[in-house]
Structures are given as structure tokens and as C-alpha cells.
Participant: 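Before I ask anything, let me first share the structure, which is written out below as C-alpha cells.
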Amino acid sequence: MTATGVLHGKTAVVTGAGQGIGRASAERFSREGARVLAVDINAAALASLEAACGCEPFAFDLTDGTAIGTFARAAGAVDIAFLCAGTVPYGTVLDCSDADWEHAFDLNVTAMFRMIRALLPAMIAQGGGAIITMSSVASSVRGVPDRFAYAATKAAIIGMTKALAADHAAQGIRANAICPGTIETPALEARMQAIGNYAATRAAFAARQPLGRFGQADEIASLALYLASDASRFTTGQCHIIDGGWSN
Ligand code: NAD
């Protein structure tokens, strides 16, 4: 935490802060002066984040609605909520079991809805705040093969974000969604390993972006920082696509 950054004096919640995009964003928010409340199911990852930048760890499963209520009461009034945690189920409609579908919606959509509902009253009471949701290019932005359930959840997040922005703009609440393309994170790495034929898979995933490479977690953190800060005070209800030109 620094006394000079653009988030100095702000308190931010970041979910999925243990690794990948969430971790890069928690570290960036902290470097920019925010007090960061870092949420993840992985306590060990949160401990290393705390050691690295002083983010305060809250280890719990976001699919547990009771735990979300307990967390929100402990958090009190926050200025920023970056709801980044998510799961990436693969496959077509024919591969998707009821359990796959339910888990995808439980974590990607229902947990986000519950977190917003729990944090919003105190945010409104203090005069406003910035909510940033994590969607994807694989959503209502574009169709991507083998992301049936995933795309449904990420499109739901866009709808939720726009409704939130419309309902609460007059109370000083801004809500924006981030829609990344293919970003190099531990989850993506595991996915490419699991698909097999690693070198060819990696090359094919990178080639989807006209800019010819993966995005980096730090590049998404830069967009999250913009949306969290007063620099973006005139934007709300938007999908901010950051995909190396994939959806162009
Ligand atoms: P990641 O898997 O590397 O990190 C996700 C984090 O969420 C992990 O630290 C994990 O422990 C945590 N988590 C998982 N389940 C949880 C639960 N039930 N409760 C609490 N925490 C939980 O993921 P990432 O690649 O950094 O992606 C982060 C977000 O960005 C996701 O919502 C993902 O859909 C989205 N996204 C990623 C990409 C990409 O290419 N990496 C592209 C578009 C969108």
C-alpha cells in the first residue's frame, strides 16, 4: 500500500485474488494505495499474496452464500469490488451435465450476484463506488467453440452488470464488465496442458488474437485499475473488451 497511488484512501474487494488476473489486480490495486480485501478459496495462495503486498486474506468458498454474508459484514463499506473469480467449463451443449451447468452458474453468476447484493447497501450509504465484473469475449460478444455453459454464464454477467448500472447510477454506483480474450494465467496453462499436443495447442490459442499473442494478467489489471479509479468516472454499464483484436 502506498500513500501516493490513484487508489489511495480506497478499500477494494478482489475475488479470485489467489492467482491469475485476480492476483495481478489485487497487487496493482495495493501498489496504487488501496487497502485490498483479497478473497479466494485457496488459503495458501492468499498467504503468499499477503506476504507480497499486504492484501488482507479472506479464504472461503464463494459458492457458500452464508460465507459471503459473513465476509460482507466484516468488509463494511468498500469503494471498489472487482468480482473476478470464475470457472471455465469446456465443451458443447452435448457435453454439459446438469452438475457442470449448475456449478458454472453457482460460481460465475450466483456468487457474483450475492456478493454485489451484500456489498451494495454500504456502498450506496457512503455515496457510491465502482463494481467491476469479470465476463469474457466468450459470451454475448462472440461465439467461441466448446464454451457452451461458460458463455452462458459470461453473457449473464453482462446482463447483470448493465442492469446494476441502470438501477444505481443515481446513487453514484458505476458497474462495468471486463471481457478479455485469451490471457496467460495458471488456469489457461493447465487447460492447454490438458488438451494435449501442447505446442500446437498453444500456437492455436495465441493465433486467435490478431495481435498474435496471449494477453497478460497485468494488462487486464491495468484495465481493472482504470475502471476502479476516478479516471473512469464517466463510464458505466459497459463491456470493456480487451482481446488483442479477437472480436474485431
Ligand atoms: P484462475 O483459475 O487462474 O484464477 C481463479 C481464482 O479463483 C483462483 O485463485 C481460484 O482459487 C479462485 N477460485 C476458484 N473457485 C473459487 C471459489 N469457489 N471460491 C473462491 N475462489 C475461487 O483464473 P484466471 O484465468 O485468472 O481467470 C480469472 C477470471 O477471468 C475468471 O472469471 C475467468 O473466467 C475470466 N477470464 C479469463 C480468461 C483467460 O484467458 N485466462 C479470459 C476471459 C475471462
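In listed order, ligands and their atoms are each counted from 1.
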Participant: Going by heavy atoms, is Lys154 under 4.0 Å from ligand 1?
Facilitator: yes
Participant: Starting from atom 41 (N) of ligand 1, which protein heavy atom do you reach first, and at what distance in Å?
Facilitator: Ile183 O, 3.2 Å
Participant: Got the closest protein heavy atom to atom 38 (C) of ligand 1, with its distance?
Facilitator: Gly181 O, 4.0 Å
Participant: Where on Met134 is there a heavy atom closer than 4.0 Å to ligand 1, on the side chain, on the backbone, on both, or on neither?
Facilitator: side chain
Participant: Write out the residue and atom name of the closest protein heavy atom to atom 25 (O) of ligand 1, then the distance separating them to 0.1 Å.
Facilitator: Thr185 OG1, 2.7 Å
Participant: Is Asp230 salt-bridged to Lys10, going by a charged N under 4.0 Å from an acidic O?
Facilitator: yes
Participant: With a cut-off of 4.0 Å, which atoms of ligand 1 are near a heavy atom of Tyr150?
Facilitator: 33 (C), 34 (O), 35 (C), 36 (N), 43 (C), 44 (C)
Participant: Looking only at protein heavy atoms, which one is nearest to atom 2 (O) of ligand 1, and how far off is it?
Facilitator: Ala187 CB, 3.1 Å
Participant: Heavy-atom contacts with Gly18 under 4.0 Å: which atoms of ligand 1 show up? List them by number with element.
Facilitator: 9 (O)
Participant: Indicate yes or no: does an N/O atom of Ser135 lie under 3.5 Å from an N/O atom of ligand 1?
Facilitator: no
Participant: Within ligand 1, which atoms have a heavy atom of Leu107 less than 4.0 Å away?
Facilitator: 15 (N), 17 (C), 18 (N)
Participant: For the rings on Phe60 and Phe71, is their centre-to-centre separation under 6.0 Å?
Facilitator: yes
Participant: Work out whether the distance between some heavy atom of Gly215 and some atom of ligand 1 is less than 4.0 Å.
Facilitator: no
Participant: Go through the structure and list residues passing side chain to side chain donor-acceptor pair (under 3.5 Å) with Asp61, not counting sequence neighbours.
Facilitator: Thr63
Participant: I need the atoms of ligand 1 closer than 4.0 Å to a non-hydrogen atom of Phe60, numbered in the order shown.
Facilitator: 19 (N), 20 (C)
Participant: Taking Gln126 for the side chain and Val78 for the main chain, is one N or O donor matched with an acceptor at less than 3.5 Å?
Facilitator: yes
Participant: Judged by non-hydrogen atoms, does Cys84 sit under 4.0 Å from ligand 1?
Facilitator: yes
Participant: Side chains of residues 218-227: which donor-acceptor pairs under 3.5 Å do they make with residues two or more places apart or in other chains?
Facilitator:
unit_1 : atom_1 : unit_2 : atom_2 : d
Asp218 : OD1    : Arg28  : NH2    : 3.1
Asp218 : OD2    : Arg28  : NH2    : 3.0
Glu219 : OE1    : Arg213 : NH1    : 3.1
Glu219 : OE1    : Gln216 : N      : 2.8
Glu219 : OE2    : Arg213 : NH2    : 2.8
Ser222 : OG     : Arg28  : NH1    : 3.1
Ser222 : OG     : Arg28  : NH2    : 3.1
Ser222 : OG     : Asp218 : O      : 3.1

Participant: Could you go through the side-chain hydrogen bond (donor to acceptor under 3.5 Å, both in side chains) check for Thr153 and Arg147 one step at a time?
Facilitator: CA-CA 10 Å; Thr153 66; Arg147 302 290 187 285; over 6 Å; no
Participant: Could you name the option among Gly86, Ala190, Gly22 that has the heavy atom nearest to atom 5 (C) of ligand 1?
Facilitator: Gly86
Participant: When you measure from atom 4 (O) of ligand 1 to every protein heavy atom, which one gives the shortest distance, and what is it?
Facilitator: Gln19 CG, 3.5 Å
Participant: Tell me the closest heavy-atom pair linking Ser30 and Cys55, and the distance in Å.
Facilitator: CB-SG, 4.1 Å
Participant: If we ignore hydrogens and angles and just use 3.5 Å, is the side chain of Arg174 paired with the main-chain N or O of Ser232 as donor and acceptor?
Facilitator: yes
Participant: Got the closest protein heavy atom to atom 16 (C) of ligand 1, with its distance?
Facilitator: Ile41 CG2, 3.9 Å
Participant: Please lay out, stage by stage, how Thr182 and Gln209 fare under the test side-chain hydrogen bond (donor to acceptor under 3.5 Å, both in side chains).
Facilitator: CA-CA 8 Å; Thr182 316; Gln209 280 73 223; 2.8 Å; yes
Participant: Near Ala85, which atoms of ligand 1 are under 4.0 Å from a heavy atom of that residue?
Facilitator: 32 (O)
Participant: Consider every N or O of Ser136 and every N or O of ligand 1, then say whether any pair is closer than 3.5 Å.
Facilitator: no
Participant: Among protein heavy atoms, which sits nearest to atom 9 (O) of ligand 1, and what does the distance come to when rounded to 0.1 Å?
Facilitator: Asp40 OD2, 2.6 Å
Participant: Do Ile124 and Phe113 belong to the same hydrophobic cluster, where Ile, Leu, Val, Met, Phe, Trp and Tyr are linked whenever their side-chain heavy atoms lie under 4.5 Å apart, directly or via other members?
Facilitator: yes
Participant: Tell me whether Asp243 contacts the main-chain N or O of Gly181 through its side chain, where contact means a donor paired with an acceptor under 3.5 Å.
Facilitator: no
Participant: Phe82 and Ile183: same hydrophobic cluster, using ILVMFWY side-chain contacts below 4.5 Å?
Facilitator: yes
Participant: Would you find a donor on one side and an acceptor on the other, under 3.5 Å apart, between the side chain of Thr161 and the backbone of Gly237?
Facilitator: no
Participant: Against heavy atoms of Asp61, which atoms of ligand 1 measure under 4.0 Å?
Facilitator: 17 (C), 18 (N), 19 (N)
Participant: Among all protein non-hydrogen atoms, which one is nearest to atom 19 (N) of ligand 1, and what is the separation to 0.1 Å?
Facilitator: Leu62 N, 2.9 Å
Participant: Is Arg202 positioned over the aromatic face of Tyr198, cation under 6.0 angstrom from the ring centre and no more than 45 degrees off axis?
Facilitator: no
Participant: With heavy-atom distances below 4.0 Å as the criterion, list the atoms of ligand 1 near Gly16.
Facilitator: 6 (C), 7 (O)
Participant: So if I count the atoms of ligand 1 from 1 in the order they appear, which ones are less than 4.0 Å from some heavy atom of Ile21?
Facilitator: 26 (O), 30 (O), 37 (C)
